[in-house]
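I have placed the structure first, in the form of structure tokens, so that the comments after it can refer back to it.
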Amino acid sequence: MKLSLKRLFGRSMTGDSNLAEAPSPPSPRSAARKTALVSLALVLAIIGALAGGYYFAMRPVTLKIAVGPANSDDVKVVQTLTQAFAQSKGFVRLRPIQTDGASASAEQLAEGKADLAIVRGDLEVPKNAQAVATLRKNVVVLWSVPGKGKKKGAKITKIAQLAGHRVGVVGKTQANVNLLKVILQQYGVDPAKVDIVQFPASEVAEAIKAQKADVYLAAGPVNSKITAEAIAASAKDGGTPIFLAIDSADAIAQNHPVYEASEIPAGTYGGSPDRPEDEVKTISFSHHIVARKGLSETTVAAFTRQLFAVRQQLLTDFPQAAKIETPDTDKDAVIPAHPGAAAFVDGEEKTFLDKYSDYIWWSLMALSAMGSLGAWFAGYLKKDERDNNSHLRERLLDMLTAARKSETADELDQMQTEADDILRDTLRCYDHGAIEEGALTAFNIALDQFHAAVADRKAVLSSLPQNLQRAGAQFRAAGNA
């Protein structure tokens with residue numbers, strides 16, 4: 001600072017030169033320094049707020065995913081995904097919730113107890129569910145097993161011949177029974193005239209050997225191990241399974257959009273001759289990974305990105321992982337895609353800055369405006385103090401003129417005391433930021449002139465005889481009277 005505050009205090013507050021050696025008070029902090037410190041604190045606060053916001057926005061999120069039944073391929077895939085997500089230290093982590101099956105998983109999602117769920121597309125999908133990915137597609141396989149011995153009868157080669165026969169459904173889920181009924185109704189077969197019996201996957205081979213059904217239905221991936229083993233059991237002892245084509249697959253898909261027309265390639269289930277010998281027309285449905293509608297778009301987009309990033313890692317243990325597909329993002333999709341997943345699929349996923357840049361910009365603008373408004377308001381509050389100090393400076397200039405005309409040392413001492421009070425008030429105003437350094441410099445010039453005038457006048461008065469000083473004082477007193 002160009003102005004030496006020590007110089008202001010170096011002079012006598014009472015006109016006594018001996019007091020000039022008194023310790024100088026510390027210099028007041030300038031308003032500019034205060035402003036700089038406040039600005040620095042504000043910048044640090046903004047940086048801290050942005051850093052905190054980024055941390056909370058990007059910290060790992062754990063999603064609960066409902067999947068079942070126990071020991072199913074879906075459960076094993078989800079468990080593997082959970083480990084892969086944890087090892088990759090991605091934004092999303094998984095916590096599996098095991099259920100009794102796809103229906104129970106859908107209920108968990110509908111009730112808000114899970115964030116994600118594996119559901120069958122041909123079952124009732126919760127209203128708050130939106131598609132994230134297609135985990136796998138399942139085809140329906142229908143085949144008949146020629147009877148042996150006493151149960152030997154006419155071969156069943158068409159679905160229309162199933163009335164009066166027993167159909168064994170692989171798996172204990174009611175969804176497969178409902179699927180069979182859809183197929184029967186399409187061919188005009190009354191489901192009530194068909195004896196439907198269900199077998200657990202582990203008991204299918206024994207049921208086929210015991211000829212507990214004439215026709216079997218299995219639903220699963222094309223390369224399903226369960227379906228392949230069931231068909232292999234049907235071919236033992238010289239038997240030849242006959243595959244029943246669902247020729248009306250397109251019509252079924254038209255009437256029931258959750259199903260699609262599909263084919264089973266020749267030789268899918270091995271054997272010699274190939275099983276089947278020719279391509280067989282059938283229907284298919286999907287298992288979907290769905291998310292709650294209210295789940296953050298950022299979170300779902302991150303999950304979708306991680307899912308397809310680790311898909312290749314799953315191929316060794318789960319070759320069917322290669323079948324994981326992106327969801328249908330069309331507006332007329334059976335299960336609408338979650339906006340977060342759609343953003344990933346369409347390449348419109350937004351980064352942190354893309355999403356929050358507008359908020360950051362407007363926050364900075366608002367803080368800048370608030371800072372300007374605060375500075376103006378602070379200046380307005382100090383207006384009275386600034387005006388009062390201006391009057392005191394004018395008073396000091398008047399005292400400068402009066403000091404040059406003073407006739408007694410007592411008057412000069414009184415003015416010196418008043419100047420000391422003005423000095424204290426001025427330094428207080430400067431410390432509060434009411435006046436700037438330039439105003440303090442001007443005050444210092446006036447104060448120097450006043451001190452010089454007082455010193456000069458005292459020198460003149462001290463050189464005059466005492467009787468002249470008393471006469472002058474009496475003359476002024478008479479004039480004032």
Side-chain angles (χ1 to χ4, degrees), residues 73 137-173 176-177 179-189 191 193-250 252 259-285 319-320:
D73 288 343
K137 288 189 175 182
N138 306 290
V139 295
V140 177
V141 183
L142 274 168
W143 75 97
S144 64
V145 180
K148 300 176 184 178
K150 295 181 180 180
K151 294 186 178 181
K152 187 174 181 180
K155 292 183 179 180
I156 300 175
T157 59
K158 297 180 179 179
I159 297 175
Q161 300 172 336
L162 293 181
H165 291 276
R166 174 173 290 188
V167 177
V169 176
V170 180
K172 300 296 291 185
T173 175
N176 287 345
V177 175
L179 173 59
L180 174 60
K181 291 179 179 180
V182 169
I183 297 172
L184 293 175
Q185 289 171 351
Q186 178 64 36
Y187 285 87
V189 178
K193 295 182 179 181
V194 177
D195 186 7
I196 302 175
V197 59
Q198 290 183 270
F199 303 107
S202 59
E203 300 177 7
V204 174
E206 182 181 345
I208 293 174
K209 183 177 180 180
Q211 301 186 58
K212 293 184 177 181
D214 304 312
V215 175
Y216 292 88
L217 177 145
V222 172
N223 58 351
S224 169
K225 182 179 179 182
I226 294 174
T227 303
E229 290 178 351
I231 293 175
S234 302
K236 287 183 179 180
D237 300 328
T240 303
I242 300 173
F243 291 87
L244 308 184
I246 306 178
D247 297 318
S248 300
D250 292 321
I252 293 176
Y259 299 115
E260 298 178 8
S262 186
E263 297 83 22
I264 302 173
T268 297
Y269 302 108
S272 180
D274 290 338
R275 297 193 292 264
E277 294 183 3
D278 299 309
E279 183 179 85
V280 178
K281 196 166 185 180
T282 186
I283 59 174
S284 65
F285 61 91
Q320 65 188 35

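Just so it is clear, the model here is predicted, and its values are computed rather than measured.
A salt bridge (Lys or Arg N to Asp or Glu O under 4.0 Å) check over residues 222-234, counting only residues at least two apart or in different chains, returns nothing. Residue pairs meeting the salt bridge (Lys or Arg N to Asp or Glu O under 4.0 Å) criterion with at least one partner in residues 240-250, sequence neighbours excluded, are D250-K281. Counting only residues at least two apart or on different chains, no salt bridge (Lys or Arg N to Asp or Glu O under 4.0 Å) pair has a member in residues 266-278.
Here the closest heavy-atom approach between residue V139 and residue S262 is recorded as CG1-OG, 3.9 Å. Scanning both residues, V222 and P265, for their nearest heavy atoms gives CG1-CD, 4.4 Å. Minimum interatomic distance between V280 and A245 (heavy atoms only, all atoms of both residues): CG1-CA, 3.8 Å. Across Y216 and A207, no two heavy atoms sit closer than the pair OH-O, 3.4 Å. Contact record, T282 with A249: O-CB, 3.2 Å, taken as the closest heavy-atom pair.
A 4.5 Å side-chain heavy-atom check between V140 and L217 finds at least one atom pair inside the cut-off. By the 4.5 Å heavy-atom criterion applied to side chains, V204 and I226 are not counted as neighbours. A heavy-atom distance below 4.5 Å is found between the side chains of L179 and I283.
The line from NZ of K212 to CD of E206 is 5.5 Å long, rounded to the nearest 0.5 Å. A distance of 9.0 Å separates CG in D214 from CG in L162, rounded to the nearest 0.5 Å. Here the NZ-CG distance, from K158 to L244, works out to 11.0 Å after rounding to the nearest 0.5 Å. In this structure, CZ in F243 is found 10.5 Å from CG in L142, a value given to the nearest 0.5 Å. Note: N138 CG to Y259 OH = 11.0 Å, rounded to the nearest 0.5 Å. Taking CD1 of I242 as the reference point, atom OG1 of T157 lies at 7.0 Å (rounded to 0.5 Å).
Qualifying side chain to side chain contact (heavy atoms under 4.5 Å, CB included) partners for Q186, counting only residues two or more places apart in sequence or in other chains: S248, A251, I252, N255. Qualifying side chain to side chain donor-acceptor pair (under 3.5 Å) partners for Y269, counting only residues two or more places apart in sequence or in other chains: none.
Side-chain N or O atoms of S234 include one that pairs as donor or acceptor with a backbone N or O of A230 at under 3.5 Å.
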| request: Just do the side-chain contact (heavy atoms from CB on, under 4.5 Å) check on T268 and V141 with the steps written out, would you? | output: CA-CA 11 Å; T268 297; V141 183; over 6 Å; no
| request: Could you walk me through whether H165 and I156 pass the side-chain contact (heavy atoms from CB on, under 4.5 Å) test, one step at a time? | output: CA-CA 9 Å; H165 291 276; I156 300 175; 3.6 Å; yes
| said: The test is side-chain contact (heavy atoms from CB on, under 4.5 Å); show your working for I231 and T227 and say whether it passes. | reply: CA-CA 6 Å; I231 293 175; T227 303; 3.9 Å; yes
Which pairs would a plain distance check flag for residues 193-200, meaning a side-chain donor or acceptor within less than 3.5 Å of a matching protein atom at least two apart in sequence or in another chain?
unit_1 : atom_1 : unit_2 : atom_2 : d
D195   : OD2    : R166   : NE     : 3.0
D195   : OD2    : R166   : NH2    : 3.1
Q198   : NE2    : G171   : O      : 2.9
Q198   : NE2    : K172   : O      : 3.3
Q198   : NE2    : T173   : O      : 3.0

